[in-house]
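Note sheet for the following structure.
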Amino acid sequence: RFGKIRPPFVNSGMIEEANSLFFDRSYIGDDWERYDLGAQLTGRVGVLRGWLAAQNGNDNGGNQHALTLRGMWDVVGGGAERNYEGAWNAPDGLSLSVGGAIYYDTDTDDQSAQAIEGMLTFNRLYVAAEYADNGDGLGSLYSWGVTSSFMATEDLEVAARLEDFDRDDKADLYRAGVNYYVRGHDIKWQIAYSSSDSNAPLASAQVLLLGLTVSF
């Protein structure tokens, strides 16, 4: 692939936002969903998949560049990583994928990051976890998140997410939601509740969202 592409760092940053379980991506996914000019190679050997991307990086057209290397192992059932989040349309039985990625930008010192992640589906159940550690040049922040969902009926999915950030204000984010699929992730009704807990007063909030997602 050539052109403006997302760094192949974590699945939550690579999928389209309309295919997320909630209105917003996870914090890690939102941090890595940015587009950058470059080229990417993707390949598969049996149960192993790999991505290698060379992109412009932070200097915006200068002589520096950014490299991303990502690998995934589809351990069981052909793997659980897809271009959407959740248990909707998941195959029967157990599916599991695990992997990790590294990112390095030559623009500044310690402008690097590492991530590990895993996804599991078992019939109507979905569980995913992700962890990212950014170097000083990328904000010196590590964070993790765990997401789970369950198909209560063929069209109704309930979901929850917990995220934690290594910040001085000890911020945590909790989300819960329900999706009703009219035509998969292309047309779905969503209701979601988010609550952030932090020592910083302005970072503590509760939000209730109700909406219709339509994508083409």
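These figures come from a predicted structure and were not determined experimentally. Start at 1 with the first residue, then count along the sequence.
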Extract all donor-acceptor atom pairs below 3.5 Å that involve side chains of residues 153-162 and protein atoms in other chains or at least two apart in sequence.
residue, atom, partner, partner atom, Å
Thr153, OG1, Asp155, N, 3.3
Thr153, OG1, Leu156, N, 3.1
Glu154, OE2, Arg124, NH2, 2.9
Glu157, OE1, Tyr181, OH, 2.4
Glu157, OE2, Ala87, N, 2.7
Glu157, OE2, Ser149, OG, 2.6
Arg161, NE, Thr147, OG1, 2.7
Arg161, NH2, Glu85, OE1, 3.3
Arg161, NH2, Glu85, OE2, 3.2
Arg161, NH2, Thr147, OG1, 3.4

Using distance only, find each side-chain donor-acceptor pair of residues 126-133 under 3.5 Å and give its atom names and separation, not counting sequence neighbours.
residue, atom, partner, partner atom, Å
Glu130, OE1, Ser12, OG, 2.7
Glu130, OE2, Ser26, OG, 2.5

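For the pair Arg34 and Trp32, the cation-pi criterion (under 6.0 Å, within 45° of the ring axis) is fulfilled.
The distance from the CG atom of Leu94 to the CG atom of Asn123 is 9.0 Å, given to the nearest 0.5 Å. Within the model, atoms OG1 of Thr121 and CD of Glu81 stand 12.0 Å from one another, a figure rounded to the nearest 0.5 Å. With values rounded to the nearest 0.5 angstrom, Asn11 atom CG is found 12.0 Å from Ile28 atom CD1. To the nearest 0.5 Å, the span separating CG on Asp172 from OG on Ser195 amounts to 10.0 Å.
Annotation: side chain of Asp31 is in contact with side chain of Asn134 (closest heavy-atom distance under 4.5 Å). The closest side-chain heavy-atom distance from Val178 to Gln190 is not below 4.5 Å. Within the 4.5 Å cutoff, no side-chain heavy atoms of His185 are placed close to those of Ser215.
Between the side chain of Glu163 and the backbone N or O of Tyr27, at least one donor-acceptor pair lies under 3.5 Å. Side chain of Ser196 to backbone of Ala205: a donor-acceptor contact under 3.5 angstrom is found. A distance-only check finds no donor-acceptor pair linking the side chain of Asp105 to the backbone of Gln111 [under 3.5 Å]. At distances below 3.5 Å, not a single donor-acceptor pair connects side-chain atoms of Ser97 with backbone N or O atoms of Asp74.
Taking each heavy atom of Phe22 and Ala192 in turn, the nearest pair found is CD2-CB, 4.0 Å. Of all heavy-atom pairs between Ala80 and Arg82, the closest is O-NH1, 3.1 Å. For the pair Arg6 and Gln55, the tightest heavy-atom approach, listed with the atom from each and the gap, is C-NE2, 4.1 Å. For the pair Thr68 and Pro8, the tightest heavy-atom approach, listed with the atom from each and the gap, is CG2-O, 3.5 Å.
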May I have the step-by-step check of salt bridge (charged side-chain N to carboxylate O under 4.0 Å, His left out) for Lys4 and Asp36, ending in yes or no?
CA-CA 5 Å; Lys4 284 195 171 183; Asp36 193 10; over 6 Å; no

Worked check of side-chain contact (heavy atoms from CB on, under 4.5 Å) between Phe165 and Leu173:
CA-CA 9 Å; Phe165 316 102; Leu173 178 61; 4.2 Å; yes

Report the C-alpha distance between Ile15 and Ser20 in whole Å, list the side-chain angles of each, state the deciding distance to 0.1 Å, and finish with yes or no for side-chain contact (heavy atoms from CB on, under 4.5 Å).
CA-CA 8 Å; Ile15 63 174; Ser20 300; 4.0 Å; yes

Might you work through the side-chain contact (heavy atoms from CB on, under 4.5 Å) test for Leu208 and Ile191, ending with a clear yes or no?
CA-CA 7 Å; Leu208 180 65; Ile191 183 170; 4.2 Å; yes

Verify side-chain contact (heavy atoms from CB on, under 4.5 Å) between Arg175 and Leu21, making sure each step is shown before the conclusion.
CA-CA 10 Å; Arg175 304 188 201 195; Leu21 271 172; over 6 Å; no

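Think of Leu41 as one node in a network of Ile, Leu, Val, Met, Phe, Trp and Tyr side chains linked at under 4.5 Å; it has no links at all.
By the ring-ring contact (aromatic ring centres under 6.0 Å, His included) test, Tyr35 pairs with no residue at all, sequence neighbours left out. Remark: Glu117 pairs with Arg70 by the salt bridge (charged side-chain N to carboxylate O under 4.0 Å, His left out) rule, at least two apart or across chains. Taking Glu33 as the reference, nothing meets the side chain to side chain donor-acceptor pair (under 3.5 Å) condition, with sequence neighbours excluded.
If you chain together hydrophobic residues whose side chains sit under 4.5 Å apart, Trp51 and Ile102 never meet in one group. The same ILVMFWY cluster, assembled from side-chain heavy atoms under 4.5 Å apart, contains both Val207 and Phe23. By the criterion of side-chain heavy atoms lying less than 4.5 angstrom apart, applied directly or through intervening Ile, Leu, Val, Met, Phe, Trp or Tyr residues, Trp144 is grouped together with Ile116 in one hydrophobic cluster. Under a hydrophobic-cluster definition in which Ile, Leu, Val, Met, Phe, Trp and Tyr are linked whenever side-chain heavy atoms come within less than 4.5 Å, directly or via other members, Ile5 and Phe9 are assigned to different clusters. Note on Tyr103 and Leu67: separate hydrophobic clusters, where clusters join Ile, Leu, Val, Met, Phe, Trp and Tyr whose side-chain heavy atoms are under 4.5 Å apart, directly or indirectly.
More than 12 heavy atoms of other residues, nucleotides or ligands shown are found within 6.0 angstrom of CZ on Arg44.
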